[in-house]
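What you see below is based on every heavy atom in this structure, not just the backbone, and it leaves out hydrogens, waters and symmetry mates. When a ligand or atom number is given, it counts from 1 through the structure's own listing order. Sequence positions, counted from 1, serve as the residue numbers for this chain.
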Amino acid sequence: MLNRVNRVALIGTGFVGSSYAFALLNQGITEELVLIDLNKDKAEGDAMDLNHGLPFAPSRTKIWYGSYADCGNADLVVITAGANQKPGETRLDLVEKNTRIFKGIVEEIMASGFDGIFLVATNPVDILTYAVWKFSGLPKERVIGSGTILDTARFRFLLGEYFDVDTRNVHAYIIGEHGDTELPVWSHADIAGLSISEWTKNKDGFNQEDLNKLFLNVRDAAYHIIERKGATFYGIAMGLVRLTKAILRNENSVLTISAYLEGEYGQNDIYIGVPAVVNRNGIRKIVELDLSDDEREKFTNSVNVLKKTMEPVFKIS
Ligand code: NAD
């Protein structure tokens with residue numbers, strides 16, 4: 001009798017999707033990976049190319065170009081399909097275009113009998129995660145958006161550079177919309193257990209203005225990268241692999257993801273970036289930080305901007 005193995009289905013093998021598949025293979029996270037894309041040649045070519053790396057991979061991954069029927073046995077469906085951000089275009093500009101594409105994709109996936117976990121990265125990610133939750137009918141715990149996982153990674157990287165400390169020892173979150181209204185939670189940022197103000201006490205050369213600029217670089221990073229190379233994909237691909245590992249290996253890891261709020265942070269009926277405990281069942285628990293007044297105000301603004309943008313599409317009150 002065959003043992004049950006983990007299967008990830010990837011919908012969309014563009015820049016983000018193919019980088020995710022490559023990182024997933026290199027880290028040996030899943031036993032099966034099926035690639036699906038509207039552009040069949042691209043998905044098929046990627047499957048062939050990735051398979052040729054198998055002799056050098058840490059473990060065996062069965063990779064093939066497939067169809068939506070293959071989602072029926074999947075544990076995790078990762079969606080990176082859709083139109084991407086053009087230079088000068090905000091993530092919210094993409095809302096209607098990608099919601100339409102998503103309706104078709106999610107209907108096909110659910111028709112396969114899929115009953116696992118969805119992980120969404122396509123932008124605007126908070127709104128499209130909400131769309132997947134609505135279109136799929138799955139419980140909110142099993143529909144996850146990549147949210148601010150990438151923004152938090154950028155924040156930790158830049159803080160690590162600024163203080164010359166390994167980024168993995170920097171604990172700081174970006175929450176809110178994955179986009180222009182996101183915010184840093186300075187009130188709970190720490191390095192090795194010391195708050196930023198404790199860390200900088202009596203430090204020559206420290207400048208609060210630098211930290212404010214650092215956050216702006218986090219918030220606007222996608223624009224800066226898109227101006228230079230047309231798209232961003234490696235960082236988010238590794239963030240998606242991190243989430244995949246947390247899910248498939250039942251890690252109970254705290255990651256900033258887009259989660260459905262039902263009273264947490266005083267908000268309802270919205271998917272937005274917050275820290276949450278992630279495991280084999282999806283979102284186990286949302287971590288509610290005690291935000292400062294200023295942070296709470298900015299978070300509420302972020303929720304309101306998202307709701308306003310979604311209103312015409314989902315008729316949210
Ligand atoms: P891309 O254009 O390279 O790839 C998109 C892929 O989706 C293409 O291969 C296309 O053929 C496929 N596709 C389009 N419609 C489809 C459909 N109906 N069914 C199946 N496949 C379909 O774009 P990209 O650079 O890979 O970006 C993908 C998405 O990821 C964008 O929305 C982008 O904004 C988003 N993104 C998110 C983050 C994040 O932090 N969440 C970071 C970077 C990019």
**Enclosure of D290 CG (heavy-atom neighbours >12, cutoff 6.0 Å)** = no

**Request:** Classify the angle between the aromatic ring planes of Y260 and Y130 as parallel (below 30°), tilted (30 to 60°) or perpendicular (above 60°).
**Result:** tilted

**Request:** Answer yes or no: are there more than 12 heavy-atom neighbours, outside K285 itself, under 6.0 Å from its atom NZ?
**Result:** no

**Item:** Contacting atoms of ligand 1, where contact means under 4.0 angstrom from a heavy atom of A121
**Value:** 30 (O), 35 (C), 36 (N), 37 (C), 38 (C), 39 (C), 41 (N)

**Heteroatom distance test (H178, ligand 1): nitrogen or oxygen, under 3.5 angstrom** = yes

**Asked** Is A83 near ligand 1, meaning one of its heavy atoms is under 4.0 Å from it?
**Response** yes

**Asked** Residues in salt bridge (Lys or Arg N to Asp or Glu O under 4.0 Å) with D75, at least two apart?
**Response** R4, R280

**Asked** For atom 7 (O) of ligand 1, which candidate among G82, G14, S146, A153 provides the closest heavy atom?
**Response** G82

**Request:** Using distance alone, determine whether G12 and ligand 1 share an N or O pair under 3.5 Å.
**Result:** no

**Message:** Any carboxylate oxygen within less than 4.0 angstrom of a Lys/Arg side-chain nitrogen, looking at E107 and K103?
**Reply:** yes

**Heavy atoms from other residues, nucleotides or ligands near CZ of F22 exceed 12 (cutoff 6.0 Å)** = no

**Separation between CD1 of I127 and NE2 of H178, rounded to the nearest 0.5 Å** = 12.0 Å

**Message:** Please check whether N123 reaches ligand 1 - meaning an N/O of the residue sits under 3.5 Å from an N/O of the ligand, judged on distance alone.
**Reply:** yes

**Asked** So, is A231 polar-close to ligand 1, with some N/O to N/O distance under 3.5 Å?
**Response** no

**Request:** Mind checking salt bridge (Lys or Arg N to Asp or Glu O under 4.0 Å) for E251 and listing every partner two or more places apart, or none if nothing turns up?
**Result:** R242, K245

**Message:** Would you compute the distance between atom CG of N98 and atom OG1 of T122 and round it to the nearest 0.5 angstrom?
**Reply:** 6.0 Å

**V16, portion touching ligand 1 at heavy-atom distance under 4.0 Å** = both

**Prompt:** Does ligand 1 have an atom that lies less than 4.0 angstrom from a heavy atom of Y68?
**Reply:** yes

**Prompt:** Of the choices D37, I36, N39, which has the non-hydrogen atom that lies closest to atom 11 (O) of ligand 1?
**Reply:** D37

**Request:** Ignoring hydrogens, just give me the one of L240, I236, T122, I105 whose non-hydrogen atom is nearest atom 19 (N) of ligand 1.
**Result:** I105

**Prompt:** Is it the side chain (CB and beyond), the backbone, both or neither of A222 that lies under 4.0 Å from ligand 1, heavy atoms counted?
**Reply:** neither

**Request:** Using a 4.0 Å heavy-atom cut-off, say whether T232 meets ligand 1 through its side chain, its backbone, both or neither.
**Result:** both

**Prompt:** What orientation do F299 and Y265 show, parallel under 30°, tilted 30 to 60°, or perpendicular over 60°?
**Reply:** tilted

**Message:** I'd like to check whether G17 has a polar contact with ligand 1, where a contact means an N/O of the residue lying under 3.5 Å from an N/O of the ligand.
**Reply:** no

**Asked** Which one holds for Y20 and ligand 1: side chain close, backbone close, both close, or neither close, with close meaning a heavy atom under 4.0 Å?
**Response** neither

